[in-house]
Amino acid sequence: MDSQVEDLHRRITRWFAGNARELPWRDAERTPWGVLVSEIMLQQTPVARVLPVWTEWLQRWPTPAGLASEPSGEAVRAWGRLGYPRRALRLHAAAKAIVEEFAGKVPSTYPELLQLPGVGDYTAAAVAAFAFGRRETVVDTNIRRVHARAVTGNALPSPSLTAAEMRLAASLLPLDTSDSVAWNASVMELGALVCTARSPRCQECPILDRCAWVAAGRPEAHYTAKGQAWAGTDRQVRGAMMAVLRSAEGPVRRELLLHAPVDLAGPELAAELDPLGTLHRLQAPQEQMERALAGLIADRLAAEDANGVSLPL
DNA sequence: GAATCGTGGGG
DNA sequence: TCCCCAAGATT
């Protein structure tokens, strides 16, 4: 570990000590379960939107056993509008696995965590590091961006994680376990607050004078991220249907999901079933509506019986 | 490796 | 307004 790298460690962890956000899953009172829930919720979802839902979840289900004892549909409903509701389903499945295979306690090692549904490479490393204080190579989108700029000299990392990036991250990880945990959290926070994707706050950066990207004159990114299509996609239709199912108290007749609610139910009932109006405003082809509903049922995000469609049991 | 999977706030 | 994109995982 040369002095250059040690200088980076010093500057970034010092910056973290004075600038880190106070987040409940970082609190001294935190539990491994709370950390796991936060990491799943934070996959592709901003901190500000996660905070209130995380608080409700931990109050309602302070342990994996609590969540595991309820129907998966309750997890999906409590997920609210965080997006990617299959994460709620997987977190529920993870809770059951923790109860059945780990005696109700969140496992503490990377390979064990990796076995849990919805836990991939990043999340397994993050939970092992932040909940259990282990030395892991944590690589998320923030860390990748900081490395790309400060070390490699690129405006943005490549679209997918490369082996070279993993090697770089591993080479930068402090040897001391405690230092490594602080380093992971610090680089991630720097990427989230200062070294942001758009309009980075370079004036606030603790390593501005050592940033390879700045030194190179802040060249443009090599590629342009292709925007995620939305209007007219199955995802849009699935999202609208899930919003209706979450707000409904009981089963919703299939016809009400496949047609605009107002057609069959009248304006009052339509508003009750679809308070956000998402499905009402949606004008997708009937064939696509059918396909989207079939997909939700295949994914176990919805279940259908003689009474209609509802969140899963 | 590429495609798929929600949602809404900020530039 | 429109577009970008946020602590990824799975198939």
Side-chain angles (χ1 to χ4, degrees), chain A residues 20-21 23-26 34-54 76 79-91 93-94 113-131 136-146 155-163 165 169 181 184-193 195-201 221 223-246 276 278-279 282 291-292 295-296 298-302:
Chain A
R21 294 167 289 183
L23 300 171
W25 45 86
R26 286 179 181 160
V35 173
L36 175 60
V37 171
S38 79
E39 291 299 344
I40 302 283
M41 288 183 172
L42 287 164
Q43 291 169 1
Q44 304 287 284
T45 302
V47 167
R49 209 174 312 161
V50 164
L51 275 170
V53 182
W54 182 91
V76 174
W79 197 253
R81 308 183 63 77
L82 287 182
Y84 291 152
R86 50 177 47 167
R87 289 183 295 165
L89 225 44
R90 291 179 178 149
L91 187 47
L113 287 160
L114 202 54
Q115 299 297 321
L116 298 175
V119 175
D121 190 66
Y122 160 75
T123 303
V127 173
F130 301 138
E136 306 284 346
T137 304
V138 179
V139 180
D140 79 320
T141 187
N142 291 306
I143 291 176
R144 294 185 65 212
R145 190 172 52 248
V146 173
L156 294 172
S158 57
S160 58
L161 179 60
T162 66
E165 283 181 86
V181 174
N184 283 324
S186 300
V187 180
M188 201 178 307
E189 192 77 340
L190 185 66
L193 298 184
C195 195
T196 55
R198 283 177 299 177
S199 50
R201 300 166 174 79
Y223 70 97
T224 54
K226 57 177 188 290
Q228 306 171 14
W230 175 246
T233 62
D234 283 9
R235 297 166 76 184
Q236 183 186 34
V237 178
R238 288 166 60 110
M241 286 182 176
M242 288 303 296
V244 173
L245 293 178
R246 280 196 307 269
L276 300 172
T278 43
L279 191 52
L282 191 60
R291 185 174 66 239
L296 290 178
D299 289 346
R300 309 278 177 155
L301 282 167

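- Between the side chain of A/R86 and the base of B/dC5 there is no donor-acceptor pair of N/O atoms closer than 3.5 Å.
- With distances taken from any side-chain atom of A/R21 to the nucleotides C/dC5, B/dC5, C/dA7, the minimum falls on C/dA7.
- Backbone-only contact: A/R145 has heavy atoms under 4.0 Å from sugar-phosphate atoms and none from a base.
- Atom P of nucleotide C/dC3 and atom CZ of A/R198 are separated by 12 Å, given to the nearest angstrom.
- The shortest side-chain heavy-atom distance between A/R21 and A/L193 falls under the 4.5 Å cut-off.
- Contacts of A/W79 with the nucleic acid, taken as non-hydrogen atoms under 4.0 Å apart, are absent.
- The local environment of CZ in A/R26 is crowded, with over 12 non-hydrogen atoms from other residues, nucleotides or ligands closer than 6.0 Å.
- Dashed line: the shortest gap from a side-chain N or O of A/R90 to OP1 or OP2 of C/dG8 is not under 4.0 Å.
- Between A/L82 atom CG and C/dC5 atom C1' the separation is 16 Å, expressed in whole Å.
- One atom, CG of A/L89, and another, C1' of C/dA9, lie 14 Å apart when rounded to the nearest Å.
- Put simply, the side chain of A/L91 reaches to within 4.5 Å of the side chain of A/W79, judged on heavy atoms.
- Residue contacts shown for A/T141 are limited to sugar-phosphate atoms, with no base heavy atom under 4.0 Å away.
- In this model, no side-chain donor or acceptor of A/S160 finds a partner on the base of B/dG1 within 3.5 Å.
- A/L301 has its CG atom 11 Å from the P atom of B/dT7, to the nearest Å.
- Nucleic acid contact class of A/I40 (heavy atoms, under 4.0 Å, all strands): none.
- At C/dA7, none of the side-chain N or O atoms of A/Q43 fall inside 4.0 Å of OP1 or OP2 (strictly under the cut-off).
- We find that CZ of A/R144 is positioned 13 Å from P of C/dC5, with the value rounded to whole Å.
- When distances run from any side-chain atom of A/P46 to the nucleotides B/dT7, C/dA6, B/dC5, the shortest one goes to C/dA6.
- If you find the closest nucleotide of DNA chain C to A/R87 and to A/L156, the one lying nearer the 5' end belongs to A/L156.
- Looking at A/W25 and A/V47, their side chains come closer than 4.5 Å, going by heavy atoms from C-beta outward.
- Contact check, A/R246 against B/dT7: a side-chain N or O comes under 4.0 Å of OP1 or OP2.
- In plain terms, the two heavy atoms of A/P157 and A/R144 that are nearest each other are CB-NH2, 3.7 Å.
- Among the protein residues, A/G83 comes within range of the nucleic acid bases, having at least one heavy atom under 4.0 Å from a base atom.
- Among the nucleotides C/dA7, B/dG11, B/dG6, the one closest to the side chain of A/R201 is B/dG11.
- Side-chain contact between A/P85 and A/R238 is absent, with no heavy atoms from C-beta onward closer than 4.5 Å.
- In this structure, A/L279 atom CG and B/dG6 atom P are separated by 15 Å, rounded to whole Å.
- Within 4.0 Å of A/V50, counting heavy atoms only, lies no atom of the nucleic acid at all.
- Of the candidate nucleotides B/dC5, B/dG9, B/dG11, B/dG9 has the atom lying nearest to any side-chain atom of A/R49.
- At the heavy-atom level, A/D299 lies nowhere under 4.0 Å from the strands shown.
- You'll find that the side chain of A/T123 is closest to C/dG8, out of B/dT7, C/dA7, C/dG8.
- Among the nucleotides B/dG11, B/dG6, C/dA7, the one closest to the side chain of A/R235 is B/dG6.
- For C/dA7 and B/dA2, the P atoms lie 23 Å apart once the distance is rounded to whole Å.
- With respect to A/Y84, the side-chain contact (heavy atoms from CB on, under 4.5 Å) criterion is satisfied by exactly one of A/M41, A/R90, A/R235, A/Q43: A/R235.
- Atom CG of A/L193 is separated from atom C1' of C/dA6 by 13 Å (rounded to the nearest Å).
- Taking atom CZ on A/R291 and atom P on B/dT4, their separation rounds to 10 Å, with Å as the unit.
- Using a 4.0 Å heavy-atom distance criterion, A/L23 is classed as a base contact.
- Residue-level contact check: A/A126 touches neither bases nor backbone, having no heavy atom under 4.0 Å from any strand.
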